[in-house]
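Because only heavy atoms are used, hydrogens play no part in the values below, and waters and symmetry mates are left out as well, while side chains stay in.
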Amino acid sequence: MVRANGAVSLRELARVVQTSEVTVRRDVRALEAEGLLDRRHGGAVLPGGFTRESGFPQKSHLATAEKTAIADLAANFVEEGEAIVVGAGTTTQELARRLARVPGLTVVTNSLLVAQALAHANRVEVVMTGGTLRGSNYALVGSGAEQSLHGLRVSRAFLSGAGLTAERGLSTSNMLSASVDRALVQAAAEVVVLADHTKLGTDTMFQTVPTDLITRLVTDEPPAHDDRAATELQALADQGVQIAVAGGQGGSAGSGAGGPGGDAVPARQQRRDVPVPGPRRQVPGAGGQLRSASASMLGEQGTGAERARVADMRRR
């Protein structure tokens, strides 16, 4: 299966051979020892290390149910009349199919697959970047793509990648794709990463989005025994990334109106945000403490010296 598809998930292997994921994981470990494949978090790929990149046919067969659920949930974060950018990938392609009925939407993309999914959407305007076509993922890359994004400003960027860790953020195996993704990030006020649980804890060669620039992660519910994915999710949340989990409490994966391959925006009850430890990118103590200090110092008992001290704090 790995030779035919380039990559497979443990869930899919267990389903095909009708055994448990625990058994499959043991067998995959033995095959890796023989040099026949490389283990990846949640699956296995052909040998190749950090630099190997699966093509579209291989990626399209990986974690299909998870990608559908993630796309259903991610569509909740797109509002009518917005302007957004959508990067290349099979998960973002699924998202695009669900955006076709969002009125007044403008989508800027370097992905032929995303553009094709929206080609017949009457109320959605699609703007393609320039660039050189990469046949492996049907994306436009290179200086032409990057230059066409200069001066662009949109509300959100929706991106996928080959791996996601709390330490490095989102990464990919191709340098040209990474450069365009970075340009897409620069154009957006917020960055939403779409990544199924098999990508959590996986690190690849080129960083595209550092963790501190990721506003939100939309992912699926990791298996109960997958401690690594759960640990990575917690680490991302600890760094201020908002986590939305498809198929968790408050909804089931893929149960929205869009359904597999659909294009409708799903019901809101699918969304489950994991709590994070407070607002992002704020200087500790610079908000509430200053206001409370101002209130106490400028009260009826305030003195001239205290007023001057508050003014100095505000200037700082």
- Message: Side chains of D72 and R98, heavy atoms from C-beta outward: is any pair under 4.5 Å?
- Response: yes
- Any side-chain heavy-atom pair from V28 and L13 closer than 4.5 angstrom? yes
- Can you list the steps and then say if L236 with T211 is a side-chain contact (heavy atoms from CB on, under 4.5 Å)? CA-CA 8 Å; L236 288 163; T211 305; 4.0 Å; yes
Check residues 142-156 and write down every donor-acceptor pair under 3.5 Å in which the side-chain atom is one partner and the other belongs to a residue at least two apart or another chain.
residue : atom : partner : partner atom : Å
S148    : OG   : G144    : O            : 3.4
S148    : OG   : A145    : O            : 2.7
R153    : NH1  : Q186    : O            : 3.4
R153    : NH1  : A188    : O            : 3.4
S155    : OG   : E82     : OE2          : 2.6
S155    : OG   : A83     : O            : 3.0
R156    : NE   : E190    : OE1          : 3.4
R156    : NH1  : F77     : O            : 3.4
R156    : NH1  : E82     : OE1          : 3.0
R156    : NH1  : E82     : OE2          : 2.2

What pairs with [X] under side-chain contact (heavy atoms from CB on, under 4.5 Å), at least two apart in sequence or on another chain?
X	value
S20	V22, T23
L176	V141, N174
A14	E21, V24

Return the minimal non-hydrogen interatomic distance between [X] and [Y], and the atom names on each side.
X	Y	result
A178	F206	CB-CB, 3.7 Å
T204	S171	OG1-OG, 2.6 Å
A237	I243	CB-CG1, 4.2 Å

- Query: Can you name the residues that form a salt bridge (charged side-chain N to carboxylate O under 4.0 Å, His left out) with R29, not counting sequence neighbours?
  - Reply: none
- Query: Got more than 12 heavy atoms from elsewhere within 6.0 Å of CD, E32?
  - Reply: yes
For a quick test of your reading: what N or O donor-acceptor pairs under 3.5 Å do the side chains of residues 115-131 make, sequence neighbours left out?
none

Please list, one pair per line, the donor and acceptor atoms closer than 3.5 Å that link side chains of residues 158-166 to other protein atoms, with sequence neighbours excluded.
residue : atom : partner : partner atom : Å
S160    : OG   : L194    : O            : 3.1
S160    : OG   : K199    : NZ           : 3.2
T165    : OG1  : R168    : N            : 3.0

- Query: side-chain hydrogen bond (donor to acceptor under 3.5 Å, both in side chains) with R25: which residues, sequence neighbours excluded?
  - Reply: H225
- Message: Run the side-chain hydrogen bond (donor to acceptor under 3.5 Å, both in side chains) test against T92 and tell me which residues pass, sequence neighbours left out.
- Response: none
- Message: Please determine whether salt bridge (Lys or Arg N to Asp or Glu O under 4.0 Å) holds for the pair K67 and D196, giving the CA-CA distance in whole Å, both sets of side-chain angles, and the decisive distance to 0.1 Å.
- Response: CA-CA 7 Å; K67 292 173 183 177; D196 64 78; 5.4 Å; no
Calculate, to the nearest 0.5 Å, the distance between atoms [atom1] and [atom2] belonging to [X] and [Y] respectively.
X	Y	atom1	atom2	value
R15	S9	CZ	OG	9.0 Å
M205	M175	CE	CE	8.5 Å
T219	L233	OG1	CG	6.0 Å
E94	E66	CD	CD	12.0 Å

- Item | Step-by-step salt bridge (Lys or Arg N to Asp or Glu O under 4.0 Å) determination, E232 to R228 | CA-CA 6 Å; E232 203 69 47; R228 181 178 177 181; 5.4 Å; no
- Message: Please check this pair: side chain of T208 against backbone of L170, looking for a donor-acceptor N/O pair closer than 3.5 Å.
- Response: yes
Show me the donor-acceptor pairs, under 3.5 Å and distance only, between side chains in residues 104-112 and residues at least two apart or in other chains.
residue : atom : partner : partner atom : Å
T109    : OG1  : V86     : O            : 2.7
T109    : OG1  : S111    : N            : 3.0
N110    : ND2  : L140    : O            : 3.0
S111    : OG   : L113    : N            : 3.2
S111    : OG   : V114    : N            : 3.1

